[in-house]
Amino acid sequence: IEREKITTFSGVPSMSRELLNFPGIERRDLSSLLNFGYGGAPAAPELLRLIKSRAPSAGVLNGWGITETSSGISSIAGEEYARKPDSVGRPSAVCDVKVVDDAGKEWPPGEQGELWVRGPNVVKGYWNNPEASAKSFTNGWFHTGDVGKIDDDGFIYVLDRLKDMIIRGGENVYCAEVEAILVEHPLV
């Protein structure tokens, strides 16, 4: 970055965290970095604070998308990201997103459940796999497998993957929540 004057760094959140925690990085000139972008996994709010402390002039964008939706579903940057660092933003102009319970009934804002998405960017089904298609699509809505919520302002929060969630004593424990707390601890 310092030698080649790299302007953009993107990847999954752990890549940004590893770069910014690299031994001696604070002595490096990162002023050429104009943009940090990441997605592919939940990003702890601490990551935004870390980027702003090590590369204060860089803009930061967090996005959410999956292969079946031709990547992008939502993104967040700038002042909105500073206000809501645990959000992945509002749905893109071509996507509808909702949160549903185990029976597929839509939840009101603030409730947690599986995130479903539909739009022209969403595949119609899995090639030559009608069983997988039947499990993953309901009336044009794709079941993402992501657990999340949508707030009153329409901002999406991806909390975890359904397969990664742990149920302990009747409570849902989201691995991403545990990770977000751990990375804030000074000894981690």
Side-chain angles (χ1 to χ4, degrees), residues 1-97 115-123 142 144-151 153-161 163-164 174-186 188:
I1 294 169
E2 186 175 52
R3 184 181 66 238
E4 301 297 331
K5 304 298 182 210
I6 303 298
T7 59
T8 301
F9 183 88
S10 64
V12 295
S14 61
M15 292 168 68
S16 294
R17 192 170 37 256
E18 288 297 316
L19 170 72
L20 296 170
N21 284 324
F22 191 80
I25 194 73
E26 63 280 350
R27 295 186 305 273
R28 298 293 185 176
D29 179 7
L30 304 180
S31 63
S32 66
L33 277 174
L34 302 176
N35 300 292
F36 265 87
Y38 43 82
E46 179 58 29
L47 180 56
L48 180 61
R49 291 187 285 275
L50 180 62
I51 292 170
K52 287 304 180 184
S53 72
R54 301 272 162 85
S57 60
V60 185
L61 179 133
N62 185 9
W64 173 53
I66 48 183
T67 303
E68 292 88 347
T69 65
S70 306
S71 191
I73 298 171
S74 67
S75 63
I76 190 167
E79 177 56 35
E80 286 185 338
Y81 196 21
R83 282 188 304 109
K84 297 178 183 251
D86 48 346
S87 173
V88 292
R90 293 184 178 112
S92 73
V94 299
C95 290
D96 295 317
V97 179
L115 293 161
W116 286 11
V117 62
R118 71 176 177 192
N121 59 316
V122 180
V123 300
F142 174 66
T144 67
D146 288 324
V147 176
K149 64 182 180 178
I150 301 174
D151 70 15
D153 298 321
F155 285 85
I156 302 166
Y157 300 79
V158 178
L159 305 172
D160 218 334
R161 294 285 299 157
K163 294 176 183 174
D164 293 342
Y174 301 104
C175 299
E177 275 183 339
V178 174
E179 181 181 329
I181 291 168
L182 289 175
V183 299
E184 289 187 24
H185 194 284
V188 175

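Counting from 1, the numbers follow the sequence of the chain as shown. What you see below is based on every heavy atom in this structure, not just the backbone, and it leaves out hydrogens, waters and symmetry mates.
Judged purely by atom type and a 3.5 angstrom limit, Ser74 has no side-chain atom pairing as donor or acceptor with the backbone of Ser92. In this structure, the side chain of Ser32 engages the main chain of Ile6 through a donor-acceptor pair within 3.5 Å. Using a distance-only test at 3.5 Å, with no hydrogens or angles considered, no donor-acceptor pair links the side chain of Asp153 to the main chain of Phe155. Checking side-chain atoms of Glu68 against main-chain N and O of Val123 turns up no donor-acceptor pair under 3.5 Å. Without hydrogens or angle criteria, Lys52 side chain to Leu47 main chain gives no donor-acceptor distance under 3.5 Å. A donor-acceptor pair is defined here as one N or O able to donate and one able to accept, closer than 3.5 Å; such a pair exists between the side chain of Asn121 and the backbone of Thr69.
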Working for side-chain contact (heavy atoms from CB on, under 4.5 Å), residues Ile73 and Phe142: CA-CA 12 Å; Ile73 298 171; Phe142 174 66; over 6 Å; no

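Taking all atoms of both residues into account, the shortest heavy-atom contact from Pro85 to Leu48 is CB-CD2, 3.9 Å. Heavy-atom minimum distance, Lys149 versus Leu115: N-CD2, 4.4 Å. The minimum heavy-atom distance between Tyr157 and Ser87, with the atom names listed, is CE2-CB, 3.5 Å. Between Pro45 and Asp86, the shortest heavy-atom distance links the atoms CG-CB, 3.8 Å. Contact detail for Val12 and Tyr38: the closest heavy-atom pair is C-CB, 4.0 Å. Smallest separation of non-hydrogen atoms from Leu30 and Arg54: CD1-O, 3.7 Å.
Side-chain contact between Val117 and Thr144 is present, with heavy atoms from C-beta onward closer than 4.5 Å.
The structure places CG of Leu33 at 4.5 Å from CD1 of Ile1, a figure rounded to the nearest 0.5 Å. Taking NZ from Lys84 and CZ from Arg90, the interatomic distance works out to 7.5 Å, rounded to the nearest 0.5 Å.
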Please output the side-chain donor-acceptor pairs of residues 13-23 that fall under 3.5 Å, not counting sequence neighbours, one pair per line with the distance.
residue	atom	partner	partner atom	Å
Arg17	NH2	Glu179	OE2	3.1
Asn21	ND2	Arg17	O	3.3

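Within 6.0 Å of atom CZ in Arg28, 12 or fewer heavy atoms from other residues, nucleotides or ligands are found, so the atom counts as exposed in its surroundings.
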